[in-house]
Visitor: 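First, the structure itself, so that you have it in front of you.
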Amino acid sequence: MEKLWGGRFSQNSSKLLEEFNASINFDRLLYKQDILGSKIHSEMLYNIGILSSEEKNHIISGLNKIYQEIEDGDFNFKISDEDIHMAVEKRLVQLIGEVGKKLHTARSRNDQVALDLRLYVLEANKEIRGQLLALIQTLLEIATNHKNTLMPGMTHLQHAQPISFAFHLLAYCFMYKRDFERIVSDSDRNNFCPLGSAAFSGTSYKIDREFCAKELGFKSPSLNAMDSVSDRDFGLDLLYSISLIMMHTSRFAEELILWSSSEFNFISISDSFSTGSSIMPNKKNPDVAELLRGKTGRAYGNLISLLTTMKALPLAYNKDMQEDKEVIFDSTINVSLSLKVLNAMLKEIIVNKDSMLQKAKTGHISATDLADFLVQEKNISFRDAHHIVGKIVAYAESKGIDISEVGLEELNLQNKHITKEAKKVLDLHNAMNRKTSFGGTAISNIEFQIKYLKDWLNEHK
Ligand code: ARG
């Protein structure tokens with residue numbers, strides 16, 4: 001079958017070449033963007049007098065028909081058509097005849113594919129933004145209900161200091177907020193329309209790039225045609241931003257996995273978001289969280305893959321760049337799915353407050369607060385206070401109890417400075433609520449952070 005580019009060729013393509021060269025099996029996902037781009041391009045060709053109104057109308061109705069065929073699953077995608085751009089154009093000529101051949105005037109597949117993928121990336125960006133906001137909203141709802149729910153905060157995965165569960169969730173809210181801001185800036189930076197760059201050096205037709213840019217929803221046309229067809233930074237920005245979202249998600253997923261284990265028992269994941277074992281009837285597994293953690297690997301892989309593809313490519317377009325699409329599709333599809341499922345799963349988690357509190361009573365996690373008290377109230381240097389409290393920790397250890405459970409008399413025997421008020425700061429809730437420094441875990445700060453994030457959410461909805 002003759003290729004759209006077959007004029008100079010005397011031999012047919014090898015079947016093997018077709019198989020190797022084609023991108024239609026994956027770039028068919030770009031049909032919406034491709035058809036939209038073609039419609040706007042033909043409007044522009046009409047505006048500048050290259051197409052008559054009748055020709056333009058024929059082209060547009062042909063393109064609409066193709067769109068419907070694809071939506072209905074009636075379009076015959078053939079590997080011999082190579083890619084979505086040629087498949088659509090070829091079908092257009094079949095449907096409307098000779099006039100269809102005018103569509104590609106003043107355009108190249110190079111600017112066409114740059115446009116399609118950019119539109120896809122900008123749409124994905126928007127979708128991810130919405131999902132991040134929804135996730136932050138859910139986290140805030142849970143945090144609001146757990147301002148005073150005490151848990152052991154950790155460093156090195158060892159009990160360290162008492163914090164509120166809300167405080168821990170708010171930390172993720174701020175990560176996801178930065179992720180949101182990052183992709184907003186990606187979208188601003190890449191909001192330029194490459195259509196009209198043609199092969200790479202522009203075109204001699206008096207095209208109206210402003211019109212196309214505006215109609216396609218871009219800020220303005222890109223400034224340098226060579227850059228426009230060679231640039232895949234917009235895709236890399238997205239892949240990097242997705243990698244960070246997934247990195248944050250993998251940390252959260254890991255915590256959900258730990259928290260739902262019987263060792264922690266801080267939360268229970270609902271049955272509807274858990275799975276069973278084919279052999280062990282007793283099992284309830286946190287597969288969703290594990291997959292969230294696992295999918296982070298492919299997100300990083302996709303970023304590295306495209307960075308490597310782009311490395312050292314001479315300007316302008318090279319066929320290597322066809323490899324950009326699958327990784328971008330894979331990352332966007334998986335991050336969307338991940339954010340959606342994480343959000344839905346969180347809405348159903350049960351927080352086991354009592355168990356958190358129980359677990360907080362191990363590890364002497366209010367020890368720092370006693371040391372701080374000795375500094376603040378008894379004029380003892382921090383290093384000495386650290387030493388005094390260290391001795392008391394050793395005493396509690398020897399008795400097999402937590403520092404918060406050592407009686408006043410025993411404390412006083414250990415050190416004369418440890419009075420009734422000192423004993424009070426060992427209480428876990430008191431210790432938590434003493435962290436009033438800006439950004440700390442005291443309830444007043446948590447309320448401030450929740451309000452701050454709620455206001456921010458309202459501004460961005
Ligand atoms: N299928 C190609 C791609 O995805 C479209 C651009 C082809 N351009 C070219 N000069 N061969 O990159």
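FYI, side chains are in, hydrogens and waters are out, and symmetry mates aren't considered; it's all heavy atoms of this structure. For ligands, and for the atoms within them, numbers begin at 1 and follow the listed sequence.
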Visitor: Which of these, V184, N191, N190, D186, sits in a side-chain contact (heavy atoms from CB on, under 4.5 Å) with D188?
Guide: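 Of the listed residues V184, N191, N190, D186, the side-chain contact (heavy atoms from CB on, under 4.5 Å) partner of D188 is V184.
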Visitor: Do E210 and K214 sit within salt-bridge range, that is, some charged N less than 4.0 Å from a carboxylate O?
Guide: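 Salt bridge absent between E210 and K214.
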Visitor: Only heavy atoms of S23, strictly under 4.0 Å: list the atoms of ligand 1 that pass.
Guide: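 Per the distance check, 1 (N).
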Visitor: Looking at every non-hydrogen atom in both residues, tell me the closest pair between L313 and M321 and how far apart they are.
Guide: CD1-CG, 3.6 Å
Visitor: Give the residue, atom name and distance (to 0.1 Å) of the protein heavy atom nearest atom 11 (N) of ligand 1.
Guide: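 Nearest protein contact, heavy atoms only, for atom 11 (N) of ligand 1 is R109 NH2, 3.6 Å.
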Visitor: So, is H85 polar-close to ligand 1, with some N/O to N/O distance under 3.5 Å?
Guide: no
Visitor: Which of the atoms of ligand 1 are close to D83, meaning less than 4.0 Å from one of its heavy atoms?
Guide: 1 (N), 2 (C), 5 (C)
Visitor: What part of K325, side chain from CB on, backbone N/CA/C/O, both or neither, has a heavy atom under 4.0 Å from ligand 1?
Guide: side chain
Visitor: Quick check: does E82 get an N/O under 3.5 Å from an N/O on ligand 1?
Guide: no
Visitor: Taking the six-membered ring for Trp, is the centroid-to-centroid distance between Y120 and F329 below 6.0 Å?
Guide: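 Yes, the ring centres sit under 6.0 Å apart.
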Visitor: Checking a contact table here: which protein heavy atom is nearest atom 10 (N) of ligand 1, and how many Å away?
Guide: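 Protein heavy atom at minimum distance: N110 OD1, 3.0 Å.
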Visitor: For atom 12 (O) of ligand 1, what's the nearest protein heavy atom and its distance?
Guide: Y317 OH, 2.4 Å
Visitor: Charged N to carboxylate O below 4.0 Å: is that the case for R91 and E69?
Guide: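 Answer for the salt bridge query: yes.
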Visitor: Return the minimal non-hydrogen interatomic distance between W259 and F252, and the atom names on each side.
Guide: CZ3-CE1, 4.2 Å
Visitor: If we check side-chain contact (heavy atoms from CB on, under 4.5 Å) with D237, which of these qualifies: R232, R182, R189?
Guide: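 By the side-chain contact (heavy atoms from CB on, under 4.5 Å) criterion, D237 pairs with just one of R232, R182, R189: R189.
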Visitor: What's the shortest distance from atom 2 (C) of ligand 1 to any protein heavy atom, and which residue and atom give it?
Guide: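 Of every protein heavy atom, Q322 OE1, 3.2 Å lies nearest to atom 2 (C) of ligand 1.
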